[in-house]
Amino acid sequence: MAVEFRVLGDLDVRVDGRTVRIGHARQQCVLAALLVEPNRVVATEQLISRVWGDEVPDGATATLRGYLSRLRRALAGAGEVRIVRRHPGYLLAVDPGRVDLHRFRELTEQARRAEDDATAISCLERALGLWRGEAFDGLTTQWLAAYRQTLDRQRLAAALDRNDIALRRGGHARLLPDVLALSSRYPWDERLAAQAMLALYRCGRQADALEHFHRMRRRLAAEIGTDPSPPLAQLYQQILTADPAIAPPDLPGRDESSATATGTARDAGTVPRQLPASPGVFAGRTAQLARLDDQLGDAGRPDGAGSPVVISSIGGGGGVGKTWLALRWAHANADRFPDGQLYVNLRGFDPTADPVGWPAAVRGFLEALGVEPARVPADPEAQASLYRTLVAGRRLLVVLDDARDAATVIPLLPGTPTSAVLVTSRRQLATLVTTHGARPLPLDVLPDDEAYELIVRQVGAARVAGQPDAVADILRFCGGLPLALGIVAARAALHPDLPLSSVAEELTTAVRPLDALAGDEATTNLRVVLSRSLAALTPAAAEVFTLLGLAPGPDISRAAAAGLTARTPDELRPPLRELVDAHLVQEHVAGRYRMHDLVRTYAVERAAGDPAGCRSALCRLVDHHLHTAHAAALLLSPQRDPLTLAPAAAGVAAERLDDLTAALAWFTREHQVLLAIIEYAAGNGLDTAAGQLSWTLATYFDRQGHWHDWATVARRAVGSTRRSGDRPAQAQAHRLLAGACSNLGRYAEAQRNLLAALDLFAALGDDEGRAHTHFDLGMLHDRQRQPREALPHARRSLALYERVGGPLKQAVALNAIGWYHSQLGEHHDAITYCRRALALSEQAGSAYGQANTWDSIGFAHHHLGEYEQAVDCFRQALALFTEIGDRHAEGIVLDHLGDTCAAAGRTDAARDAWRRSLALYEQLGHADAEAVRRKLSACPGP
């Protein structure tokens, strides 16, 4: 039986051409450790070290024996291959010629012994042809990483020897693509640089050869502080002066008549097939693939004269899977383009190489289309013209990957509509849309189901199904970013014995989360990928990006970002537009911006080098929200006594809010952000701001029914004011917390806080504060159906307000006294007190005071049997509360209205009012919803 072991790529074992399954990655590492030294004993301890490195598990020797036993079974069909136990370890008995690694070494040795160039280059070409990728691709251990570097150096040495011989034999044209590819991989090798320069020069590209030298010189000067070696500098001078000594050698037997009549193409029928391999693991993107089908559906038709070339532009941030999507679609639709597929990686954001300019891309396309390098025009514009001439009328797919800007793409566009172009870029390339009719396809992160599918495909369904919690943690950490998911899934696949819970724990507990997403290559290292996106920005945009990452909360408004960055909103527009264009920031709602969590993590890492600057920026952000929230709170409740705020920091401006509607809308937009801002302020020594921000939110939270959030920020305020030693603010914070607890039914906690506030106000001699607190105590008793206990507190608050307060405060206390009389059945007294309250509220212009009082008067009329008067009162109250935006109060009044309609025999109207009340209570999560639900159940009707 013919056995073949291939390790110059992924580990591949074949018997009679049939692939043999070797098992999981760790077991493959055991075979690899034996294959590199065939027919030699490898000690057990050495095998364990090669396979596990420094992280040797308990029972490694027994585990190794198990792996070896399974390897023997897998290789049982190959009679000439045996794994032998021999002290002090194991031996793989195999003909070295059956292992491509050892054939490679034998061929390179034959090349060195060869007496003529023809034999030598033949051996080297055969040796290099054995390589299918990186040695032991997909296997990751410390030993293999080091051994892989050794093999890489041997491969490079063979390639350099081959290049020298090829250049001596006049093979520069055929050699050029390989030399340039190697140069991008080994940018420091001066021997390789010399070969690339000579090949370029001999292909008629003198300017490119000189530029290649300049790039090497700049790289050496910047990174090492040295100059190019004398031989390389001498070659530069020879190219500069067109020294005949470096001219191409004569090519005996060359037949010039083999060129076409135009003298450009070797073969007019050349069909380029340049697409890289389709992604091996691909999941989801069904909607996007369908959209590409739709966008490019008319491409490739021969009857499209006069139509523009069809262009689809896939845009998205680094690591979002643009190239994967483009290649997946391109391979699936290759048959629609019978004249071939052209592909170029423009490296617009490549972390390992400079961007590819359009002239270089055009020359590459000309080579793929069969143009002799010696026949390529010297002028880049002429080259582009020749390219368009060659593709005119042909049904080609052109894939332009990782474009930095539209200027690089436009010269590469075919001139006729029979071809289609697929572009990927981290930028939006708006110019392509506006001037060339490109159809944009923005690409975002994967939704949860598609992210889950990607994990399953790479790790295996059984393993994923067995650890759902760990998978959920992984998905949450990666946030749907395909690059992050791919890195984590690959790590899990390479370590099949490692529980997914361990992978998840590594991600979620890492001090620097991006360290857990550092792949082996620059293109699979999320930090490096993001750094290249950032390097393409202007300094202003890069600074704004860094500061935006610091902002607490799920997103940020343009006005708040202006305060954060100490810019005006107009000054901020260009850098924000640049960040959105680069897909580093998403404008998910007009004027509001957010980042992916992992992108934000990178921004925070960048900011860590300037702690003082970061704190100043965040203090400005807190000031912006505090001053805007304070203005908004006074629009919602003008009767509240304003706070005394410190002046905002330089560069900060509060947003302008013109009326109650604008204030309510601002609080609604900023709700979650304000919670995060308070959390930041309370945890970073900004105690005064934390307490004041909590105060600004009380009315909004009360009216919208966000009592849990109210309680959270009020507790923060109590702690912050206690730390700051501001006793008046501490008393107010206790009141705020009591209000939230009261609405949540936590009456004992509410009473403790009100009594604490009363003690503080008494110690401070603050009669107005005492009045507020007595009023709150009355309301607390009222909620517990204790009107007799509530009434004395309301009378005490009125007496204090008459001494220190204005008409509106007296009106509020009078209304409360009237309400408690009504609860005690003293409805005529209630109406008397409430009428006095209504007059004072109207005098003060308080819509809220009037609405509350109309509700109290309506309640009294209802219990006196005066139903029509009650309905009129409730409707006036309802109109005012709706205008104010107090949803909780609307629910209360609608409940009262339903009671009155039911008592008057108007069951349809009662049912309608109760339904509306119940809907509001359910939205708010209020405990009174159940009581209204019981009323509806008992009410006859549909």
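Note that these values count all heavy atoms, side chains included, but never hydrogens, waters or copies made by symmetry.
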For [X], side-chain contact (heavy atoms from CB on, under 4.5 Å) partners two or more places apart:
X	result
Gln154	Phe104, Arg105, Thr150, Leu151
Thr546	Arg606, Ala607
Ala407	Asp405

**Message:** Once ring-ring contact (aromatic ring centres under 6.0 Å, His included) is applied, do any residues pair with Tyr201, and if so which ones, sequence neighbours excluded?
**Reply:** none
**Prompt:** Got a sec, which residues hit ring-ring contact (aromatic ring centres under 6.0 Å, His included) with Phe545, two or more places apart in sequence or on another chain?
**Reply:** none
Kindly give the heavy-atom pair with the smallest separation between [X] and [Y], and that separation in Å.
X	Y	answer
Met197	Phe213	CE-CB, 3.6 Å
Pro272	Ala368	CB-O, 3.9 Å
Trp329	Leu296	CH2-CD1, 3.4 Å
Leu400	Val344	CD2-CG1, 3.6 Å
Ala194	Leu235	O-CD2, 3.4 Å
Ala166	Leu175	CB-CD2, 4.0 Å

Report yes or no: does [X] contribute a side-chain atom to a donor-acceptor pair with the main-chain N or O of [Y] at less than 3.5 Å?
X	Y	answer
Gln341	Val399	no
Asp243	Ile246	no
Tyr387	Leu412	yes
Arg148	Glu134	no
Ser183	Val179	yes
Ser419	Arg394	yes
Asn333	Arg336	no
His331	Pro276	yes
Thr424	Asp402	yes
Asn163	Ala159	yes

**Asked** After noting the C-alpha distance and the side-chain angles of Leu160 and Asp189, does the key distance pass the side-chain contact (heavy atoms from CB on, under 4.5 Å) rule?
**Response** CA-CA 10 Å; Leu160 293 174; Asp189 194 292; 4.0 Å; yes
Can you find a heavy atom in the side chain of [X] that is under 4.5 Å from one in the side chain of [Y]?
X	Y	result
Ile239	Gln206	yes
Pro575	Thr538	no
Trp188	Leu220	yes
Leu422	Leu292	yes
Leu390	Phe365	no
Pro414	Leu396	no
Arg162	Ile165	no
Leu579	Leu537	yes

Lys/Arg N to Asp/Glu carboxylate O, [X] vs [Y], below 4.0 Å:
X	Y	value
Arg126	Glu106	no
Glu190	Arg219	no
Arg363	Asp208	yes

**Item:** Residue Glu115 excluded, over 12 heavy atoms near CD under 6.0 Å
**Value:** no
Using 0.5 Å steps for rounding, measure from the [atom1] atom of [X] to the [atom2] atom of [Y].
X	Y	atom1	atom2	answer
Asp10	Leu139	CG	CG	8.5 Å
Leu192	His212	CG	NE2	6.5 Å
Arg217	Leu232	CZ	CG	10.5 Å
Leu200	Leu176	CG	CG	5.0 Å
Glu4	Arg103	CD	CZ	5.0 Å
Asp137	Leu8	CG	CG	11.0 Å

**Phe136 and Val7: CA distance, side-chain angles, deciding distance, side-chain contact (heavy atoms from CB on, under 4.5 Å) verdict** = CA-CA 5 Å; Phe136 304 101; Val7 299; 3.5 Å; yes
**Message:** I need the single residue from Leu325, Thr323, Val423, Val320 that forms a side-chain contact (heavy atoms from CB on, under 4.5 Å) with Ile314. Which is it?
**Reply:** Leu325
**Message:** By the definition side-chain contact (heavy atoms from CB on, under 4.5 Å), identify the one residue from Val99, Asp100, Leu11, Asp12 that meets it with Phe5.
**Reply:** Val99
**Message:** I'd like to check the salt bridge (Lys or Arg N to Asp or Glu O under 4.0 Å) partners of Arg427; sequence neighbours left out, ordered by chain and number.
**Reply:** none
**Request:** Take Asp152 and Arg185, measure what side-chain contact (heavy atoms from CB on, under 4.5 Å) needs, and give me the verdict at the end.
**Result:** CA-CA 11 Å; Asp152 193 53; Arg185 185 173 178 184; 3.0 Å; yes
**Item:** Trace of the side-chain contact (heavy atoms from CB on, under 4.5 Å) decision for Gln383 with Leu366
**Value:** CA-CA 8 Å; Gln383 295 168 6; Leu366 291 176; 4.1 Å; yes
